[in-house]
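Step one of this worksheet: look at the structure below.
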Amino acid sequence: MKIKLQLSKIIENALKNANIEADDVVISDATKPEFGDYQFNGVMKLAKQLKQNPRQIAQTVVEHIDTTGIIAKVEIAGPGFINIWLGDAWLSSEATAILDDERVGVGYVDQAQKVVVDYSGPNMAKQMHVGHLRSSIIGDTLATLLEFLGDEVIRQNHIGDWGTQFGMLIAYLEEQGTDGVTQNLKDLEQFYKDAKVRFDESVEFADKARDYVVKIQQGDKHCLRLWQSFIDASLGHCEEVYDKLGVNLTRDDVRAESFYNSKLPSVIKTLKEKNISTISDGAECVFLEGDETPIIVQKGDGGFLYATTDLAALEFRVQELKADRICYVVDARQAQHFKQVFAIAKMAGMVAENVTLEHIGFGTMMDKSGKPFKTRDGGVVKLIDLLDEAVVRARETIKERKTHSDEALEKVARAIGIGAVKYADLSISRESNYLFSWDKMLSFDGNTSLYMQYAYARIQSIFRKHDGVITGSIVVGDEIEHRLVLMLLKFEDTLIKASIEATPHTITSYLYDLVSLFMKFYEQNPILKEGIEEEVKMSRLQLATLTAKVIKKALDILGIEVVNKI
RNA sequence: GCACUCAUAGCUCAGCUGGAUAGAGCAUCGCCCUUCUAAGGCGAGGGUCUUAGGUUCGAAUCCUAAUGGGUGUACCA
């Protein structure tokens with residue numbers, strides 16, 4: 001239900017009928033319940049342009065507002081606010097209408113776009129660590145969200161499978177055994193360390209490693225086979241993490257760095273032809289206005305850098321994948337890099353003007369002391385270990401409730417533990433750094449996944465107790481139900497906002513508001529207790545049904561599972 | 001040095017395309033379980049929105065500067 005759109009159309013009409021010219025009509029949520037459900041604050045601005053009394057204008061506008069459908073009442077307040085109340089009858093019928101809708105009333109975008117979402121991007125030389133968590137989670141949510149709203153989403157996992165370190169790794173792989181499949185690569189981190197030790201201790205080995213780098217680049221079959229087997233094994237680790245994490249990335253989404261190798265020379269050629277790049281200190285550079293240091297696109301020795309790869313990728317995404325919008329879900333520290341790459345791509349005409357390029361940046365994960373998240377001995381925290389710990393902790397949290405058999409407990413602990421990690425990450429505004437705290441994320445209180453899952457389970461419990469059919473319509477009976485129904489219908493507006501700004505926390509905030517409201521409703525308005533009229537009981541059961549559906553759908557978009565019992 | 005970014009309650013965070021008395025959670029202190037999952041709900045206290053200017057009828061929000069954190073800055077990605 002696009003409520004704001006409907007309301008702004010009504011206001012636009014009112015303005016038109018009152019012969020008042022206004023360019024954009026913005027409807028906001030009311031700041032307080034006393035001020036209604038929505039408000040239109042644009043009158044004050046109009047009054048200034050027209051040099052008229054704002055309350056006078058507000059009065060004229062109000063007289064022209066159509067209050068036959070969605071709007072029940074409007075009021076002028078303060079210097080010229082127009083407060084809007086939606087009608088209970090309208091809310092009731094709209095809510096009832098979406099009870100059986102799989103999309104719980106959420107429509108599709110008017111103009112579907114082809115959107116590339118670039119996320120996760122692990123390095124094949126190392127095990128996935130906490131640094132990859134946010135990109136994977138935020139990117140996955142964004143992809144799911146856009147897809148749900150009707151865009152055509154192309155997921156791209158830009159894995160790091162190329163670079164000098166691979167020479168060392170495959171040389172060591174060869175020395176150790178035959179290939180990545182038979183080789184024990186369970187702990188990539190350790191393998192890397194061991195290889196590094198070999199590299200440092202043996203000149204002979206180091207030479208071979210360097211030689212292998214060149215050989216892979218030249219397409220040497222033996223080295224390429226070793227390299228490929230290594231990448232396969234490493235990718236297998238990532239998939240294990242994706243599986244645990246519930247991230248929808250498959251091999252089909254992998255478009256590795258190496259994929260662009262063959263396209264790099266042509267990028268340089270384009271830049272040279274358009275006089276965008278010049279030679280400086282022996283390297284091919286682009287000097288952008290305002291930057292004091294250049295962007296190097298080709299090293300003095302002929303090698304390419306990641307800016308070049310990103311340019312090639314951009315070109316590919318626009319020209320081959322035909323993207324309208326490209327979202328890079330990458331650490332905020334890369335802001336400058338993306339700004340530069342985007343600028344060069346547009347200058348060089350690799351990307352048409354109407355294609356939107358977005359760096360979806362996010363902050364760093366911190367520990368309690370406010371420092372970047374590390375293990376006790378200062379090492380990186382492996383993602384797989386973190387996820388396993390989350391499940392263990394979740395199990396401890398719910399074990400004492402004794403609602404589950406051992407087997408069921410395991411499943412529920414997984415949903416809760418993984419959900420907690422993801423929700424904690426998604427509920428913080430993306431750009432800011434975030435403090436990682438087990439206690440906070442696994443709490444039943446506050447804006448956590450467990451609180452949402454608990455609310456969902458609580459509703460399921462009502463249904464079990466009721467143990468019968470639920471029919472009939474939703475009839476808004478009081479203030480709290482009015483607010484709850486309105487909240488349920490606001491779901492689409494929330495998703496639209498989240499998709500435009502690429503802010504998953506918009507969804508979690510909404511969820512928290514919705515669930516809090518439901519809890520209030522649940523305390524105030526008994527459903528199954530004695531003496532409740534059948535019609536009221538059914539309406540409330542339906543309200544619970546719709547609430548549960550919206551919670552489930554919202555969590556689904558966030559990649560979090562619900563459980564029927566906690 | 002230069003650039004970017006952040007600064008809101010004791011703590012963790014919302015709010016930021018300008019709007020009415022700045023909101024949550026945690027923590028602290030009260031109240032509500034023979035009554036649908038109380039791991040819940042209700043209420044209280046707690047704020048110079050870092051500081052100083054500016055724009056405006058109106059600023060936490062926009063602009064400028066200062067202060068304090070973080071980050072990035074020529075051949076790694």
Side-chain angles (χ1 to χ4, degrees), chain A residues 24 26 28 30-32 34-35 39 41-45 47-48 54 77-81 83 121 123 125 158 160 162-165 257 280-285 287 290-307 309-310 330-337 339 361 363-364 366 368 370 372 397-398 400-401 403 427-429 431-435 437 439-440 442-448 450-451 454-455 457-466 501 505-506 508-509 512-513 516 519-530 532 537 540-541 544 565-566:
Chain A
D24 58 331
V26 179
S28 341
T31 49
K32 281 168 196 261
E34 306 96 89
F35 300 148
Q39 50 182 284
N41 303 329
V43 166
M44 274 91 80
K45 204 172 283 172
K48 206 166 142 191
F81 298 103
N83 295 336
N123 186 331
H158 191 84
W162 206 247
T164 48
Q165 71 259 55
E257 256 172 41
S280 170
D281 279 352
E284 193 69 30
C285 296
F287 288 87
D291 287 347
E292 49 181 47
T293 54
I295 298 94
I296 298 175
V297 289
Q298 188 169 22
K299 296 196 279 185
D301 67 4
F304 302 103
L305 290 116
Y306 79 135
T309 313
D310 278 337
V330 182
D331 196 303
R333 284 173 288 198
Q334 304 278 335
Q336 193 183 19
H337 165 72
K339 208 177 145 197
T364 314
M366 307 292 204
K368 284 184 272 299
T397 313
I398 54 165
E400 58 205 67
R401 289 175 73 89
T403 39
S427 58
I428 211 80
S429 90
E431 309 253 14
S432 52
N433 292 341
Y434 102 91
L435 221 82
S437 157
D439 291 343
K440 219 181 130 183
L442 282 167
S443 167
F444 271 88
D445 303 313
N447 192 7
T448 65
L450 191 42
Y451 181 67
Y454 173 69
R458 217 173 167 185
I459 294 171
Q460 300 311 310
S461 160
I462 299 169
F463 297 154
R464 280 193 296 273
K465 174 133 187 170
H466 169 65
E501 295 168 2
H505 88 280
T506 307
T508 60
S509 295
Y512 184 57
D513 289 342
S516 305
M519 291 292 197
K520 280 191 181 81
F521 157 78
Y522 178 83
E523 297 282 332
Q524 282 179 33
N525 295 1
I527 301 172
L528 300 178
K529 287 184 187 171
E530 287 298 308
I532 307 290
K537 182 167 129 184
R540 290 179 181 169
L541 277 168
K565 271 193 214 171
I566 288 180

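Any value given below was found using the heavy atoms of this structure, including those in side chains, with hydrogens, waters and symmetry copies removed. Each chain gets a letter, A, B and so on, in the order the sequences are listed, and its residues count up from 1.
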Touch class at under 4.0 angstrom, heavy-atom based, for [X] against every strand present:
| X | answer |
| --- | --- |
| A:E34 | nothing |
| A:K529 | base |
| A:K48 | base |
| A:Y512 | sugar-phosphate |
| A:I566 | base |
| A:A283 | base |
| A:T293 | sugar-phosphate |
| A:H505 | sugar-phosphate |
| A:N83 | base |
| A:E530 | nothing |
| A:S429 | sugar-phosphate |
| A:S427 | nothing |
| A:F521 | nothing |
| A:G300 | base |

Both distances below 3.5 Å, Watson-Crick or wobble geometry, any strand: find the nucleotide opposite [N].
| N | answer |
| --- | --- |
| B:A27 | none |
| B:U64 | B:A52 |
| B:G72 | B:C2 |

_From the set B:G23, B:A74, B:A77, return the single nucleotide nearest to any side-chain atom of A:K32._
B:G23
*Out of B:A77, B:G1, B:C36, which nucleotide sits closest to the side chain of A:E292?*
B:G1
*Does B:G41 have OP1 or OP2 sitting under 4.0 Å from an N or O in the side chain of A:Y451?*
yes
*Contact summary for A:P294 and A:F287, nearest pair of heavy atoms*: CB-CE2, 3.5 Å
*With syn defined as a glycosidic torsion within 90 degrees of 0 and anti otherwise, which applies to B:C33?*
syn
*Side chains of A:I527 and A:L541: does their closest heavy-atom pair fall under 4.5 Å?*
yes
*Is A:M366 close to A:P372 at the side-chain level, that is, under 4.5 Å between some pair of heavy atoms?*
yes
_In whole Å, I'd like the distance from the CG atom of A:L435 to the P atom of B:C26._
17 Å
*Partners of A:E523 by salt bridge (charged side-chain N to carboxylate O under 4.0 Å, His left out), sequence neighbours excluded?*
A:R458
*asked:* For A:Q460 and A:Q39, find the nucleotide of RNA chain B closest to each by heavy atoms; which residue's nucleotide sits nearer the 5' end?
replied: A:Q39
*Using atom types as modelled and distance alone, determine if a side-chain donor or acceptor of A:D291 lies under 3.5 Å from a backbone N or O of A:T293.*
no
*Is_stacked (A:Y522, B:G41) at 5.5 Å, 30 deg*: no
